[in-house]
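Every number for a ligand or one of its atoms is a count from 1 in the order of the listing.
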Amino acid sequence: MSEVSVRGFLFVTDLDNTLVGDDNALKKLNQLLEQHRQEYGTKIVYATGRSLTLYQQLTTEKPLLPPDALITSVGTELHLDTSGNACDPKWAQILSEGWNRELAVATAAHYSDLVLQPDSEQGSFKVSYYLTPKAAVEVLPRLESQLQESGLDVKLIYSGDQDLDILPRNGDKGLAVQFLRQKWEIDALNTVVCGDSGNDIALFSVGEERGIIVGNARPELRQWYEANQTDYRYLAKAFCAAGILEGLYHFGFLDN
Ligand code: GLC
Ligand code: MG
């Protein structure tokens with residue numbers, strides 16, 4: 001893999017309602033990023049909640065640039081070779097510490113409000129449900145303490161007022177990006193992460209990466225942003241890829 005030059009950076013973005021959602025802005029951003037990648041070795045990484053199957057489906061619907069690495073299933077799968085389906089074994093090893101998928105499923109089975117998502121969205125290191133916001137208020141704290149009582153050290157991520165992911169303690173989008181940064185030896189200051197919803201909070205909270213929150217961000221992320229303001233996170237006015245562009249100019253990753 002070629003080196004990142006002084007002007008190059010690590011660009012990490014969520015897909016649904018962040019990179020994808022405004023076709024014209026996506027085209028413009030793609031063009032600028034591809035040019036930057038060719039000139040400066042900038043690296044492009046997608047960090048999505050989708051499984052690899054649903055990611056591949058999206059690539060048939062939208063003109064996505066081939067990424068340098070792909071993080072799928074809310075950070076629980078890392079694909080360094082994006083031409084195949086293989087997951088990085090070192091990342092899988094880290095996630096497996098303290099994880100017990102069967103026990104997580106058995107504990108969650110006590111809650112009738114939790115509706116399993118389709119099989120394609122269940123992963124070795126991810127159990128996912130649908131949950132209404134009304135039920136979430138009561139279910140989330142109870143489930144969390146019951147999982148703890150079962151001796152499970154897991155993470156609950158609720159996104160978009162509908163999706164609940166149970167993940168290993170060592171796994172989420174932000175931790176996957178840190179793993180990549182260390183592997184590629186790229187500084188947090190030279191990294192920018194972009195997102196719109198609850199499962200992206202991990203991208204923004206893990207360290208001092210520059211953060212772009214698109215203007216159409218969901219309330220859960222917006223509230224988190226407001227409670228945790230710093231000058232290395234930027235709430236864009238524009239939506240989706242246009243908001244990303246606005247943020248890249250704001251931080252000086254792209255020249256105006
Ligand atoms: C994507 C995934 C789903 C997950 C959601 C939120 O929609 O397909 O499994 O629950 O992202 O992370
Ligand atoms: Mg999204």
Side-chain angles (χ1 to χ4, degrees), residues 11-23 25-26 29 45-59 61-62 64 67 70-79 87 95 101 104-105 108 111 113-133 135-136 139-140 143 154-168 171-177 192-206 211-225 235-236 238-244 247:
F11 173 77
V12 181
T13 186
D14 168 54
L15 295 173
D16 294 282
N17 304 311
T18 302
L19 184 67
V20 172
D22 174 341
D23 289 348
L26 173 62
L29 178 61
V45 173
Y46 301 141
T48 179
R50 290 178 179 239
S51 59
L52 186 62
T53 310
L54 287 193
Y55 164 73
Q56 285 164 343
Q57 189 180 313
L58 187 66
T59 63
E61 296 161 5
K62 298 288 172 186
L64 300 182
L70 176 65
I71 295 165
T72 54
S73 304
V74 200
T76 62
E77 291 185 5
L78 172 62
H79 309 271
C87 294
L95 297 184
R101 192 179 193 286
V105 173
Y111 297 81
D113 289 310
L114 293 176
V115 177
L116 267 174
Q117 290 188 12
D119 283 351
S120 78
E121 298 316 283
Q122 308 300 338
S124 307
F125 299 109
K126 168 178 180 279
V127 193
S128 295
Y129 300 87
Y130 297 120
L131 176 67
T132 63
V139 169
L140 289 179
L143 176 63
V154 292
K155 200 174 276 183
L156 298 184
I157 300 188
Y158 188 52
S159 303
D161 276 344
Q162 64 164 32
D163 297 313
L164 175 68
D165 302 313
I166 306 180
L167 308 182
D172 59 37
K173 290 185 178 187
L175 292 170
V177 169
V192 61
V193 297
C194 316
D196 77 295
S197 82
N199 73 13
D200 300 316
I201 293 174
L203 282 176
F204 299 109
S205 59
V206 72
I212 302 173
I213 291 144
V214 289
N216 54 297
R218 308 267 331 176
E220 70 262 16
L221 174 56
R222 208 172 261 273
Q223 277 158 21
W224 180 86
Y225 164 79
L235 174 62
F239 286 18
C240 304
I244 296 179

*Given Thr13 and Phe11, is the side chain to side chain contact (heavy atoms under 4.5 Å, CB included) satisfied, shown in steps?*
CA-CA 7 Å; Thr13 186; Phe11 173 77; 3.6 Å; yes

*So, does Tyr158 use its side chain to make a donor-acceptor pair with the main chain of Asn199 at under 3.5 Å?*
no

*Run the numbers for me: atoms of ligand 1, each under 4.0 Å from some heavy atom of Gly49, listed by number.*
1 (C), 2 (C), 8 (O), 11 (O)

*Quick one: pull up OH in Tyr129 and CG in Leu143 and give me the separation to the nearest 0.5 Å.*
8.0 Å

*Do any nitrogen or oxygen atoms of Ser51 lie less than 3.5 angstrom from nitrogen or oxygen atoms of ligand 1?*
no

_Glu121 side chain to Ser128 side chain, donor-acceptor N/O pair below 3.5 angstrom_ = no

*I would like to know whether Ser51 and Thr72 meet side chain to side chain contact (heavy atoms under 4.5 Å, CB included); could you show each step before the answer?*
CA-CA 5 Å; Ser51 59; Thr72 54; 5.9 Å; no

*Report the C-alpha separation of Gln122 and Arg101 in whole Å, then their side-chain angles, then the decisive distance to 0.1 Å, and conclude whether the side chain to side chain contact (heavy atoms under 4.5 Å, CB included) test is met.*
CA-CA 10 Å; Gln122 308 300 338; Arg101 192 179 193 286; 3.4 Å; yes

*What's the OD2-the Mg ion (ligand 2)-O angle here (Asp14, Asp16), rounded to 10 degrees?*
90°

*Among all protein non-hydrogen atoms, which one is nearest to atom 9 (O) of ligand 1, and what is the separation to 0.1 Å?*
Gln117 OE1, 2.5 Å

*Do NZ/NE/NH1/NH2 and the carboxylate oxygens of Lys155 and Asp172 come within less than 4.0 Å?*
yes

*Atom indices of ligand 1 within 4.0 angstrom of Val74 heavy atoms, with elements*: 12 (O)

_On a heavy-atom basis, I'd like to know which of Asp14, Asp165, Thr53 is closest to atom 10 (O) of ligand 1._
Asp165

*Nearest candidate to atom 5 (C) of ligand 1, where distance is taken over non-hydrogen atoms, out of Thr48, Asp172, Asp163*: Asp163

*Within a distance under 4.0 Å of any heavy atom of Glu121, pick out the atoms of ligand 1 and give their elements.*
2 (C), 8 (O), 9 (O)

*In Asp196, what N, O or S atom is nearest to the Mg ion (ligand 2), if we give its atom name?*
OD1

*Can any side-chain N or O of Thr18 pair as donor or acceptor with the backbone N or O of Asp196 at less than 3.5 Å?*
yes

*Within a distance under 4.0 Å of any heavy atom of Lys126, pick out the atoms of ligand 1 and give their elements.*
3 (C), 9 (O)

_Heteroatom proximity flag, Arg50 to ligand 1, N/O under 3.5 Å_ = no

